[in-house]
Each structure stands twice: as C-alpha cells, then as structure tokens.
Number of protein chains: 2
Amino acid sequence: MPEEKSKKQIIYEAAARLFRDKGYSATSMRDLARAVNLKASSLYNHIKSKEEILQGICFENAHRFLSGMKEVEAMQGTTSDKVRALIQLHISIATEDVTSVTAFNDEWRHLSDPMLTDFLQLRKDYERRFKMIIEQGIAEGDFRTLDSSIILYTVLSSVRWVYDWYKPGKSIDQGKLESEISAFLMKGILK
Amino acid sequence: MPEEKSKKQIIYEAAARLFRDKGYSATSMRDLARAVNLKASSLYNHIKSKEEILQGICFENAHRFLSGMKEVEAMQGTTSDKVRALIQLHISIATEDVTSVTAFNDEWRHLSDPMLTDFLQLRKDYERRFKMIIEQGIAEGDFRTLDSSIILYTVLSSVRWVYDWYKPGKSIDQGKLESEISAFLMKGILK
DNA sequence: CCTACCGATCGGTAGG
DNA sequence: CCTACCGATCGGTAGG
C-alpha cells in the first residue's frame with residue numbers, strides 16, 4: 001500500500017519541473033494547471049499563490065543544505081574530511097532531487113521582499129560557515145594558501161553543473177560522479 | 001572626440017543588465033524603455049523585437065568563446081598551456097563584460113526555435129573542442145585519468161561564479177583572480 | 001519620437 | 001473541482 005501523494009505535493013513537483021525548464025516568470029498558472037490536469041482556478045484550492053510554491057521550493061532546499069552543514073560541523077574527523085563531506089552533500093542533494101534543486105538555484109531571485117531577504121540571509125549564513133571550515137584548513141596548514149572566497153565559490157559552483165546535467169540512469173553512476181568530482185576538487189584544495 | 005554610442009547599442013546594454021537582474025521573461029519592454037528614457041513603442045524604431053535583443057546577446061558571446069577557442073587551438077605550447085589559456089579566456093570574457101555574459105549564460109533558453117537549435121549547436125561544438133584538448137592531455141600522460149566530461153563541466157561551471165560575483169573595483173583584482181582560479185583548477189587536472 | 005490602442009495572456013477571485 | 005470573469009499588463013502596431 002504505497003503512501004498517497006497529496007495533490008499539493010503533485011502540484012509542487014510539477015511546478016519545480018516547469019520552473020526548471022522554462023523559468024519561474026515564463027511559467028503560467030495555466031501551464032501548471034495543464035501539467036496536473038486541472039483548470040487554473042482549481043489550483044487555488046491547494047495552494048495560496050504562485051509565489052508560495054517558489055517559497056516552498058527555495059526554503060526547503062535551503063534547509064537541506066543547512067542541516068547538512070550542521071551535521072558536518074558536528075562530525076569527527078579532519079578539516080579536509082569535512083570539506084569532502086560538504087562536496088558530497090552538494091552532489092547527493094543534486095542527484096536526489098535535481099528538479100527542485102535547480103529551481104532553487106536559479107529562481108530564488110523571483111522571491112519578493114520579506115522572503116527574499118530571509119532567503120539571502122540563510123544563504124549568507126551557509127557560505128560563512130563553509131568559508132570558516134576552509135579557513136581552518138588553511139590555518140592548520142593542510143590547505144593551500146589561496147583566497148578562501150575564491151576556493152569557496154569555485155567549489156560551490158563547480159558542483160552546480162550536476163544540476164543541469166545529471167539525469168538518473170545516464171552513463172555515469174552517482175558513485176563515480178561523487179568520487180571523481182571530489183578527487184578533482186580536493187586535489188585543488190590540499191597542499 | 002569620443003565615439004558616440006548608437007541608441008541601439010545603449011538599448012542592448014540596458015537590456016543585458018535587466019535580463020541579468022530580473023531574467024528575460026520578467027523584463028518587460030516598458031522596463032527597458034524606462035531604462036533608456038523612451039516610451040515602449042519608440043524602442044521599435046531601433047530594434048525589431050524583444051527576442052532579437054536576446055539573440056544578439058547570445059550569439060555575440062557564443063562567437064567570443066568560439067573565436068577564443070580557435071586562437072587557443074592554433075597556439076604553440078603544451079596541452080596544459082592550452083587548458084590554462086581556456087580558463088583565462090573564460091575569466092577575461094567574464095570580467096570584461098559581466099552583464100552580457102551572465103545574460104548569455106542564464107537566458108539563452110528563452111530563444112525560440114530556429115535560433116535555439118543553432119545556439120545549442122554552437123555550444124555543443126565548443127564543448128566538443130574543449131573536451132578534445134582535455135582528452136589529448138590525458139592521452140599524453142600529463143593529466144590525471146579522470147572522466148573528461150567531468151573535468152570539462154567542472155572547469156566550465158567553476159568559472160561561472162565570476163559572472164555572478166565579480167564587480168569591477170571589488171576587493172580582488174583580476175590578475176589575482178585569474179592566477180588563483182587557474183592554479184586551483186590546474187592542480188586538479190595535472191598529475 | 002509620441003499618443004493611442006490592439007488582442008492575448010497574466011495571477012487570481014466569486015460563486016456555486 | 002468548474003465556469004465565468006476581473007483588472008492589469010504583456011509585446012507590438014498604426015498613424016502621425
């Protein structure tokens with residue numbers, strides 16, 4: 001007896017796919033309604049607004065990353081183990097839920113203002129904590145002495161292509177993906 | 001006597017900025033008109049359509065990358081010199097014309113179909129030639145034996161954060177930017 | 001370069 | 001969950 005997906009859940013998933021493929025602004029509520037076999041007006045029995053959907057997608061993913069960060073900060077191991085774990089976090093979030101993460105990555109700027117500010121604060125917090133780990137690695141002498149912002153953004157964005165590119169069942173399996181990207185980046189970071 | 005910028009040029013530059021900041025779909029012709037102190041209808045004395053502007057931005061940048069690629073292919077030097085030169089190509093295009101390149105990177109999907117297919121073909125060609133150079137480096141034994149697609153996409157996207165982040169006059173100067181990103185990535189590539 | 005305006009489509013609501 | 005419809009805004013044109 002499989003758990004029934006709520007209609008709301010189905011709408012959110014269809015929306016994430018449309019936002020990823022066409023962008024938030026180019027996706028109309030009629031497009032979304034068609035994707036879930038409803039009329040546009042009927043969507044509003046399940047959701048409050050178009051932007052509410054975007055908010056859900058953006059904050060859900062923000063919290064995925066932040067709770068992953070929390071685990072990494074608490075874990076045993078060297079600083080380079082932590083960076084490796086963060087790289088793996090990004091790859092596994094990306095491969096587990098590509099559509100949602102891509103929408104989160106590319107469409108958050110269409111949030112409007114109380115939420116936009118909140119969202120940017122979460123992101124800034126995440127980046128700050130990531131950078132602290134990098135700086136610790138440099139201070140301990142295990143990482144090369146490169147600018148920590150440059151390392152941070154290079155790592156963060158180098159992992160982003162997975163979102164655009166990864167399709168389950170494609171030639172490369174996830175294990176190989178993780179280990180090769182991780183090997184590539186860690187070699188750039190370590191002395 | 002400075003060369004006068006044509007009104008068309010001014011419109012294109014304002015459009016690139018708006019497309020980058022708000023996205024193509026969320027930018028209205030009224031927004032664009034306001035940015036250049038015209039009424040929306042007057043734009044059409046200088047341009048044919050909204051999409052024509054996007055086409056201009058996308059194909060101009062595609063040709064920048066392709067002509068850079070052509071120079072690199074023709075240059076003297078080792079395969080790793082060529083990869084280094086390609087990384088520098090990406091960084092210098094990004095820092096010289098951030099707005100236009102960001103629009104090109106993020107908004108090309110709003111092209112419609114004869115142009116979209118052409119555009120994707122140019123991009124595919126560029127990636128194919130980049131990958132050939134990587135594979136040559138692996139075959140020669142200078143590069144680590146990682147999957148060439150993984151190296152390609154990691155390099156391509158790791159350079160993309162510069163678009164989102166780089167603002168002229170910011171703390172890091174372009175020389176340091178180039179040398180640190182390049183050092184980081186080359187260490188990941190070379191044996 | 002503008003005013004005036006076109007039909008189409010937008011997100012969303014009323015009412016059942 | 002639908003039909004019917006709202007005011008606002010869209011890209012673009014006519015005509016001067």
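In what follows, chains are A, B, ... by sequence order, proteins preceding strands, each numbered from 1.
Remark: P of C:dG11 and CD1 of A:I47 are 10 Å apart, rounded to the nearest angstrom. In this structure, A:Y44 places its OH atom 7 Å from P of C:dT13, rounding to the nearest Å. Here the P atom of nucleotide D:dC1 and the CG atom of A:L32 are 13 Å apart, to the nearest Å. Rounded to whole Å, atom P of D:dG12 lies 14 Å from atom CG of B:D31. Following rounding to the nearest Å, B:R30 (CZ) and C:dC6 (C1') show an atom-to-atom distance of 11 Å. Between the CZ atom of B:R34 and the C1' atom of C:dC1 there is a distance of 18 Å, rounded to whole Å. Per the geometry, NE2 belonging to A:H110 stands 16 Å off P belonging to C:dC10, to the nearest Å. As a whole-Å value, the separation of B:L18 CG from D:dC10 C1' is 16 Å.
Closest contact between the side chain of B:K50 and the listed nucleotides D:dG11, D:dA14, C:dG12 involves D:dG11. Nearest nucleotide to the A:H46 side chain, out of D:dG11, D:dC1, C:dG11: D:dC1. Checking C:dG11, D:dG11, D:dT3 against every side-chain atom of A:K39, the shortest atom distance belongs to D:dT3. Distance from the side chain of A:N45 is smallest for D:dC1 among the nucleotides D:dC1, D:dG11, C:dT13. Side chain of B:M29, nearest nucleotide from C:dG12, D:dG12, D:dC1: D:dG12.
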Practice item. For B:Y126 and B:H90, run ring-ring contact (aromatic ring centres under 6.0 Å, His included): C-alpha distance rounded to whole Å, both residues' side-chain angles, the deciding distance at 0.1 Å, then the answer. Key: CA-CA 12 Å; B:Y126 182 84; B:H90 280 256; 5.8 Å; yes

**Study point:** Full working for ring-ring contact (aromatic ring centres under 6.0 Å, His included) between A:F65 and A:F130
**Key:** CA-CA 11 Å; A:F65 280 103; A:F130 203 141; 9.9 Å; no

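Between B:Y24 and B:F19, the two ring planes are perpendicular [angle over 60°; tilted spans 30° to 60°].
If you check every strand for non-hydrogen atoms under 4.0 Å, A:K7 touches sugar and phosphate atoms only. Across all strands shown, A:S25 has no heavy atoms under 4.0 Å from either base or sugar-phosphate atoms. Looking at heavy-atom distances under 4.0 Å, A:L43 makes no contact with the nucleic acid at all.
Summarising the base pairing, C:dG16 is matched to D:dC1 through a Watson-Crick or G-U wobble pair whose two defining distances lie under 3.5 Å.
The phosphate of D:dC10 has OP1 or OP2 within less than 4.0 Å of a side-chain N or O from B:S28. For the pair B:S41 and C:dC2, the criterion of a side-chain N or O lying under 4.0 Å from OP1 or OP2 is not met.
Across all their heavy atoms, B:A14 and B:A35 have their closest contact at CB-CB, 4.2 Å.
In this structure, A:E13 pairs ionically with A:K5, as a charged nitrogen and a carboxylate oxygen lie closer than 4.0 Å.
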